[in-house]
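A quick note: this is a predicted structure, and the numbers were derived from the prediction, not measured. Note that ligands are numbered from 1 as they come in the structure, with each ligand's atoms numbered from 1 the same way.
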Amino acid sequence: MLCKDMIQLFKLLLNYNQQISTFMQNNKKIIHIDMDYFYAQIEEKDNPYLSDKPFAIGSTNPHRGVLCTSNYIARKFGVKSAMSTSVALRKCPDLILLNTDMKKYKEVSIVLQKIFLSYTHIVEPLSLDEAYLDVTDVQLYSNSATYIAKAIRDDILEKTGLTASAGIAPNKLLAKISSDMNKPNGQYVIKPDEIDSFVKQLSVKKLFGVGRVTHEKLLAMSIETCEDLQKIPLEILTNKFGKYGYSLYNYCRGIDDREVQHERTRKSVGVENTYQQDLQNFDEWIEKLSDLYDKLKARITDEYSSRIIGIFVKVTDNNFTKTSLTKQASTVDLPTLKLLCEELYSKQTLPIRLLGIGVRLGSVDKSQMVLF
Ligand code: TTP
Ligand code: CA
């Protein structure tokens, strides 16, 4: 009897805790800003003749090049980011190819960061063209996140000549999903009382962390929408997906308590991938490493780059055991990451399902604080 009472009490506490956390997170105002066809839009601004033609940015080598992005005209032909140049040319023979100019894109990104920081210091850059902003306590525009987002987009257009899209919601998960809703050059708001109806019809594919493998697993369980996923008990999700099962349980209800991690308090920046097929040998590790390295470089803003104190490589083997290796460093480069991989590989006895790399960050020093 006593034991039953205890369980009942525990359930009540859990429910109360969940309600408090839902209430707290629903009080937040998060904006996700995402530039439209970023590298391509910059090139189009500098070369207006491109505006009515299909074009892409990336390696122009038709034999072994890969594309970074394309304009929306090219996308109509099926041309996509990360597609090989040869496939893209087959889909769209008139495609115009331009080389990347990372220096130029980084310069624009610095202007964007400055604009964001003029509204709030709680800014989490995700890449050169994307960031989360927590504007819960911003008093501008009577604290209307919708108007703040519009003002930021207007500012971006005025200072860079480029359009951006925005998502406004009570948490990061929903803000990111909504920035895609009215793209390009638009914004979309999800208010706290709209969360339920919004997520119910949402495809599970849109949830943070659902890649191809997880999506296939969910489809095999006849789960297509968040409403389908909401019917699955937590125990089943944690059995199938481990710790991520908890996140899935919350995400499909529109619950996400991840904080916007601003640059000054962030301790690390990393990228990782879980592979559909386990990586069996060192060559496979190295092949995937280059991809991850490109993604990591795009996430390391100048502010982060000046604070690097270490680099790390981490893996999860096919028995779900996690191992990582960190080395002191003030910069990140591919050869050093390869050496770290080599060392980690020599200790590894099983094939791995996840490979990740990243940098550890030190605190902001006083000279930098002045800049803020
Ligand atoms: P995205 O925001 O994914 O794409 P985008 O800005 O080009 O287009 P969208 O309007 O759909 O947001 O990526 C931002 C930039 O990052 C993109 O312009 C080029 C670069 N990038 C790569 O280099 N490789 C990739 O695989 C992807 C997805 C992006
Ligand atoms: Ca973008």
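Across the listed options Val66, Asp129, Ile42, Asp129 owns the non-hydrogen atom lying nearest to atom 1 (P) of ligand 1. When the heavy atoms of Tyr72, Phe38, Tyr39, Tyr105 are ranked by distance to atom 16 (O) of ligand 1, first place goes to Tyr39.
Other residues, nucleotides and ligands place more than 12 heavy atoms under 6.0 Å from the CZ atom of Phe282. Counting heavy-atom neighbours within 6.0 Å of Glu224 CD, excluding the residue itself, gives a total of 12 or less.
Using modelled atom types, no side-chain atom of Arg299 and backbone atom of Lys295 make a donor-acceptor pair closer than 3.5 Å.
Interface of Met35 with ligand 1, defined as ligand atoms under 4.0 Å from a residue heavy atom, comprises 6 (O), 10 (O), 12 (O). Listed by number with element, the atoms of ligand 1 under 4.0 angstrom from any heavy atom of Asp34 are 2 (O), 12 (O).
With a 4.0 Å cut-off on non-hydrogen atoms, Leu128 does not touch ligand 1 at all.
With hydrogens and angles left out, the side-chain atoms of Ser59 and Asn61 include no donor and acceptor closer than 3.5 Å. Using modelled atom types and a 3.5 Å distance limit, the side chains of Tyr37 and Glu44 yield a donor-acceptor pair.
In terms of polar-atom proximity, Asp36 is not counted as a contact of ligand 1, lacking any N or O under 3.5 Å from an N or O of the ligand.
Residue contacts with ligand 1 include Arg75, since one or more of its heavy atoms lies under 4.0 Å from the ligand.
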Between Tyr39 and Val108, is the side-chain contact (heavy atoms from CB on, under 4.5 Å) condition met? List the steps. CA-CA 10 Å; Tyr39 296 1; Val108 177; over 6 Å; no
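The distance cut-off of 3.0 Å around the Ca ion (ligand 2) captures these protein N, O or S atoms, sorted by chain and number: Asp34 OD1, Met35 O, Asp129 OD2.
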